[in-house]
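What follows is a short report on a single structure.
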Amino acid sequence: MSARTQPPWQAPSPRPDTKLPPLKVYNSLTRTKTPFVPQDGNKVSWYACGPTVYDDAHLGHARNYVSTDIIRRIMRDYFRFDVQFVMNITDVDDKIILRGRQQHLLAQFAEKHADLDADVLDTAKKAFEAYVKKNLPLLPADLQLTSFADESNKAYGHVLEGKALEGDAAPGDKEAKVKMHLKTASAAAQALILSESKAIDVTEFYTKTEDVLLPYLDSLYGSTIDSNDHSIFTKLTQKFENRFMEDVRALNCLDPDRVTRVTEYGQQIVDFVEKIVKNGFAYPTTDGSVYFDIQAFEKQGNNYARLEPWNRNDKDLQADGEGALTKKSTEKRSDADFALWKSSKPGEPAWPSPWGQGRPGWHIECSAMASDVLGERIDIHSGGVDLAFPHHDNELAQSEAYWSECRHGPQTHQWINYFLHMGHLSIAGSKMSKSLKNFTTIREALGRGDWTPRGLRIVFLLGGWKDPVEITEGLVKEGMAWEDKLNNFFFKVKDLERHPSPANVASADEDTALMQAFAAAQADFDAALCDSFDTPTAMQVVSRLITDYNSAATRAALSDETALTLGRWVTKMATMFGLDGSASFDDVNRLGWSGIAIPAAAEPFVYPTSALRDAVRSAAKASTLDHASLASLAAGTPEPSTQQPAEALPFAQILTDFRAEVTRLAAHEAPAKELLALCDALRDTQLWEQGVYLEDRDNAPALVRPLSAELVAAREQKASAAAAKAKAKAEREEAERAKALAAAEKAKLSHLEMFRTAEYSAWDEEGLPLRDAKGEELPKSRTKKLRKEWERQRKLHEEWVAAQGGK
C-alpha cells in the first residue's frame, strides 16, 4: 500500500448481545455517513476538544459547544447510549503564554507607574510606533499622531470600505486583521494625543493603549519571566476556565463527565512522547525539542493527514498549528514535521523532561489525555471544523504512532472511530475569531438580551451541526417563529389540564386522523435523527405536527388525551434537545417548558380573578343581564388574606379590587358596557402591568399566560398604528380648519374693493378694472377673466355677510 493512500476505515463490529439503533453519522474520517457502532455494546467513549482559556468565550464557541451538547443529549436520551464524555482544557499553549506573560508585565508596569509620567508616555509612544511598523506597513515611517486618521484613510481606505487588501477578491481574514490593527492603533493614538493636554486619566490611558503596550513590553521584558513560576500563567487560565464553564452552563450545556487539564498531565505527556520516540516515529533535536517524523510514520504503511489530505502542505496552517512562539529549527527532517515537545525559551513555562526543560506541543496534549482516560481506541472525537487540520490530523498520527504495536489486521491501529466536526458560525459572512477580535462574547450576548439560551440553541438546531451557520435576519426570524409556535401550543395543551373539555365533545374522526399524523411524525422524527442527527428536519417535523394539531382543533373538538399525548411528546423532544433548562427527559408526565407559566405566587389569585371575569363577561353578553347572579358570583369568590408574600400582594390586590368593583356595579345595576369595560381594563391594564395576559377565546375560559415579547411587540405595533392614524386625522382636521380660516378671511374682502390696487388705474362702478397701471385699456379677454373672479368673490362675500347677520 502506498504511503499516501488512505487506509480503509475499519467499522467496529457490534457486540452480538447489543441492539443498536439504525444510526448513521457523518464521519470526517471517511467523509461519508457511516453506521454508528460503539466498540463496547451501548457504551460510548467520547473525547471533545475543549477551549483554550485566555479570554471569554464568544458566540463562535457557543456554536461548537451547544451543537456538541445537542448531539450528546440525542445519543444519551433518545438513543439511550451510555456516554462517557471527556473534555480537555488547554491551559498552556503559545497564546496563553503570550497573553499571561503580557498581562503580568503590564500589571507590573502599571503598578510601578500609577501616574502618566514621562516614562509611561515615552514607552507608549515607542509601543505605538512598533505596533504600526509591524502591523500597518503601508503607513509612513515618520507618521505623526495627529495625522493618523488621514494617513490611515489614504493607505487603507479601500479596506475600510469593504474591499480586498489587494486585487478584486472578496475580503477575508487579512482585511479583518487590518481593520483590527487600525482600531487598536487609532485608540492608542487618541490616548497619546489626549495625554499631551492632560485630558485623559491614567485608567483610560492604559485601557486605550493596552493592546500596543502588551507586545512591546513583552519584547522588552518577556525573557525575564521565571519559567518555574507557573502561577503567572495559571491565574489567567483559572479565571477564564471558570468563566467558560459559567457561560456554557448558562447555555444549558451539560457538564463533562470528566475534565482534563494540560498542566495536570506534564509527566504523562513526557511519557507519551518518550514512547513515540522509542517506536521510531519521533526524534529529539539538540535544543531539547522533539518532532514527529512524518516520513518514518508513512514508511511503515501509515497515512498522514487522513482528515484533510488536501491541506497537508498548507504552510500557513502548519505554522498556525506550531504556534507563534515556536522557533524554526534547521534540524527538522521535514518542514511538515510538528513539535511534540518544545524546548522552553526564557520567559516560557517549563517542565522537566529527558530532553531538558520544556513544554508540550499543542497537539500532544489531547493524545496523551484522551489515551490516558479512554484508552487505545475511542468511539468519538469532536471539535470545531477548524481543528481538523492540523490539530486532529496530528493527534491521529502521533496517537497511532504511540499505539503502533496494537495493530488490527493489515492496517495500522485505529485510534478514533468517528470524528465529528462542528461547522463554523459567521455573522455577515465573517467567521468569529479571538485573534481577529470580531466576536461577541456569550455573556455579552445573554446580558444584553441579544439572545436567550433557548433562542440561540434553536438557531443552531435549525442550522444543523456540521454545516456552517450564518446568522441572518431570516434565520433569526425563523427561530423566533418556531419558539413562538411551541409556546402557543404549550399554552393550549397545558390549559386543558386546568380546564378539561366537557365529556363527549371530541370528534372520533379528527382524533383518529391526528393520531395517525402523530405516528407519522414520530417515524419521520426518528428517521431524521438516525440520519446523522438531522435536527433541521426534526425541527420541521415538530412544527408540522403542531400545525396538524391546530388545524384539527379549529375543525372539531379533540379529546383531551389526544392533545395531551401530543403535548407530552413535543415536551420530551424539546427537552431532549436541551431547550428546557435542567428538566428531565424521563419525566413522562411533564407538559410544556419553562417560561409559559405565570409566577407561582400569582396562581392562587390570578386564576380565581380570571374565572370571575369569564363569568362577568358571559353575564354581560347574555340577552338578559342578571345583576343578582353577578353579585352572588362576586360573593362566592373568596376574599384574599392580607397575609401574603410580597411577590403575591399585587395579584391579591387585583383580585380584591375586581371582586369589589363587580359587587358595586351589580348593586347599581350597571349596564353591560360598563361591566365589559371593567373586564377589558383588568386584562389590558392591571394584569398586563404585572406581566400576565388573559387571552379571550370563544366558548372557552380565557387563556392565562405570561406576558411575552411577542405580545408586547404586538401591542406596541397596534398603539403605534393607532397613534399614526390619530396623528394623520389631526393633521387633516388642522389642514381643513386652516383652509376654512383662509377661506373665511378671503370672504371678508368685498368684491367691490378686491381689484382696487396699484395694478390698475381705472375701475367701473362695480370695481372692475378698466385700465392697467400705465393707463392702457385692458384687453377684452383679460376683462372677461377678471369678471369671473369678481363673480366668485361676490358670492363668497355675500355669503359671509349673511353669516354675520347681514352686517
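For this chain, numbers begin at 1 and follow the sequence in order.
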I'd like to check Met480 versus Ile458 (side-chain heavy atoms, cut-off strictly below 4.5 Å). Are they in contact?
no

Q.
side chain to side chain donor-acceptor pair (under 3.5 Å) for His181 and Tyr131? Distances and angles first, verdict last.
A. CA-CA 8 Å; His181 292 317; Tyr131 188 92; 2.6 Å; yes

So CG of Leu143 and OG of Ser152: to nearest 0.5 Å the spacing works out to 7.0 Å

*Do Trp351 and Thr263 come within less than 4.5 Å of each other through their side chains, counting heavy atoms only?*
yes

Interatomic distance, CD1@Ile89 vs CE@Met369, rounded to 0.5 Å, equals 9.0 Å

Result for ring-ring contact (aromatic ring centres under 6.0 Å, His included) between Phe292 and one of Phe338, Tyr304, Tyr283 points to Phe338

Tightest non-hydrogen contact, residues Phe240 and Asp55, listed as CD2-C, 3.4 Å

Heavy-atom nearest pair, Phe389 first then Arg312, reads CZ-CA, 3.5 Å

Taking the six-membered ring for Trp, are the ring centroids of Phe109 and Tyr221 within less than 6.0 Å of each other? no

Tightest non-hydrogen contact, residues His421 and Gly384, listed as CD2-O, 3.6 Å

- [ ] Check whether any side-chain N or O of Ser343 sits under 3.5 Å from a backbone N or O of Ser289 as a donor-acceptor pair, and report yes or no.
- [x] no

If we ignore hydrogens and angles and just use 3.5 Å, is the side chain of Ser147 paired with the main-chain N or O of Asp150 as donor and acceptor? no

- Message: Pair Val476, Trp451 - check side chain to side chain contact (heavy atoms under 4.5 Å, CB included), show working.
- Response: CA-CA 10 Å; Val476 172; Trp451 293 96; 3.8 Å; yes

In short, Asp335 meets Gln318 closest at the heavy-atom pair O-OE1, 4.1 Å

Could you walk me through whether Cys253 and Arg457 satisfy the side chain to side chain contact (heavy atoms under 4.5 Å, CB included) test, starting with their C-alpha distance in whole Å, then the side-chain angles of each, then the deciding distance to 0.1 Å, before giving a yes or no? CA-CA 10 Å; Cys253 292; Arg457 186 172 285 246; 3.9 Å; yes

Are Lys332 and Asp337 ion-paired here, with the side-chain N under 4.0 Å from a carboxylate O?
no

task = Output yes when a side-chain donor or acceptor of Asp122 lies under 3.5 Å from a complementary backbone atom of Ala118, and no otherwise.
result = no

4.5 Å side-chain heavy-atom contact, Pro51 and His61:
no

Output for pair (Gln238 CD, Arg261 CZ), nearest 0.5 Å, gives 8.5 Å

Exam field: side chain Asp218 to backbone Arg101, donor-acceptor pair closer than 3.5 Å
no

In short, Ser67 meets Phe460 closest at the heavy-atom pair OG-CB, 4.2 Å

NE2 of His424 to CG of Asp386, rounded to nearest 0.5 Å, is 3.5 Å

| task | Might you confirm whether atom NZ of Lys133 has over 12 heavy atoms from other residues, nucleotides or ligands at distances under 6.0 Å? | result | no

### Message
Any heavy-atom pair between the side chains of His113 and Thr123 that's under 4.5 Å?
### Response
no

#### Entry: His230 side-chain N/O to Ala350 backbone N/O, donor-acceptor pair under 3.5 Å
yes

Practice problem: Take Glu716 and Val712 through the side chain to side chain contact (heavy atoms under 4.5 Å, CB included) test and state the conclusion after the steps. | Solution: CA-CA 6 Å; Glu716 289 176 349; Val712 173; 3.5 Å; yes

- [ ] For the pair Glu129 and Lys125, find out whether any cationic side-chain nitrogen is under 4.0 Å from an anionic carboxylate oxygen.
- [x] yes

For Tyr47, is there any backbone N or O sitting under 3.5 Å from a side-chain donor or acceptor partner on His381? yes

| task | Without swapping roles, check the side chain of Asn88 against the backbone of Thr260 for a donor-acceptor pair under 3.5 Å. | result | no

**OP:** Could you check if a side-chain atom of Gln108 sits within less than 4.5 angstrom of a side-chain atom of Leu217, using non-hydrogen atoms only?
**Re:** no

With Leu446 as partner, the option from Leu251, Thr452, Asp247 fulfilling side chain to side chain contact (heavy atoms under 4.5 Å, CB included) is Leu251

Notebook entry, point to check: Relative to Tyr26, does Lys466 satisfy both conditions: NZ or CZ under 6.0 angstrom from the six-membered ring centre, and within 45 degrees of the ring's axis?
Noted result: yes

Any non-hydrogen side-chain atom of Asp314 less than 4.5 Å from a side-chain atom of Glu308?
no

- Item | Between Gln295 and Ser334, a side-chain donor and acceptor under 3.5 Å | no

- Message: Looking at Asp119 and Lys112, is there a salt bridge between them, counting it only when a charged N and a carboxylate O are closer than 4.0 Å?
- Response: no

Practice prompt. Flag yes if more than 12 heavy atoms outside Lys315 fall under 6.0 Å of its NZ atom; otherwise flag no.
Written response: yes

Got a salt bridge between Lys342 and Glu348, using NZ or NE/NH1/NH2 to carboxylate O under 4.0 Å?
no

**OP:** Answer whether the closest heavy-atom distance between the side chains of Phe205 and Leu194 falls below 4.5 Å.
**Re:** no

The reported gap from OG1 in Thr184 to CG in Asp211 (rounded to nearest 0.5 angstrom) is 4.5 Å

CD of Glu264 to CG of Asp91, rounded to nearest 0.5 Å, is 7.0 Å

Note: Ile96 and Thr52 closest approach over all heavy atoms is CD1-CG2, 3.6 Å

Quick one: does Glu331's side chain have a donor or acceptor within less than 3.5 Å of a partner on Thr286's backbone? yes

Hey, is the main chain of His58 close enough, under 3.5 Å, to the side chain of Arg443 for a donor-acceptor pair?
-> no

Could you go through the side chain to side chain contact (heavy atoms under 4.5 Å, CB included) check for Met422 and Ile71 one step at a time? CA-CA 10 Å; Met422 311 300 148; Ile71 296 176; 3.9 Å; yes

Q. Do side-chain atoms of Glu175 reach the backbone of Lys163 as a donor and acceptor pair under 3.5 angstrom?
A. no

* Do Val120 and Thr209 have side chains that get closer than 4.5 Å, going by heavy atoms? -> no

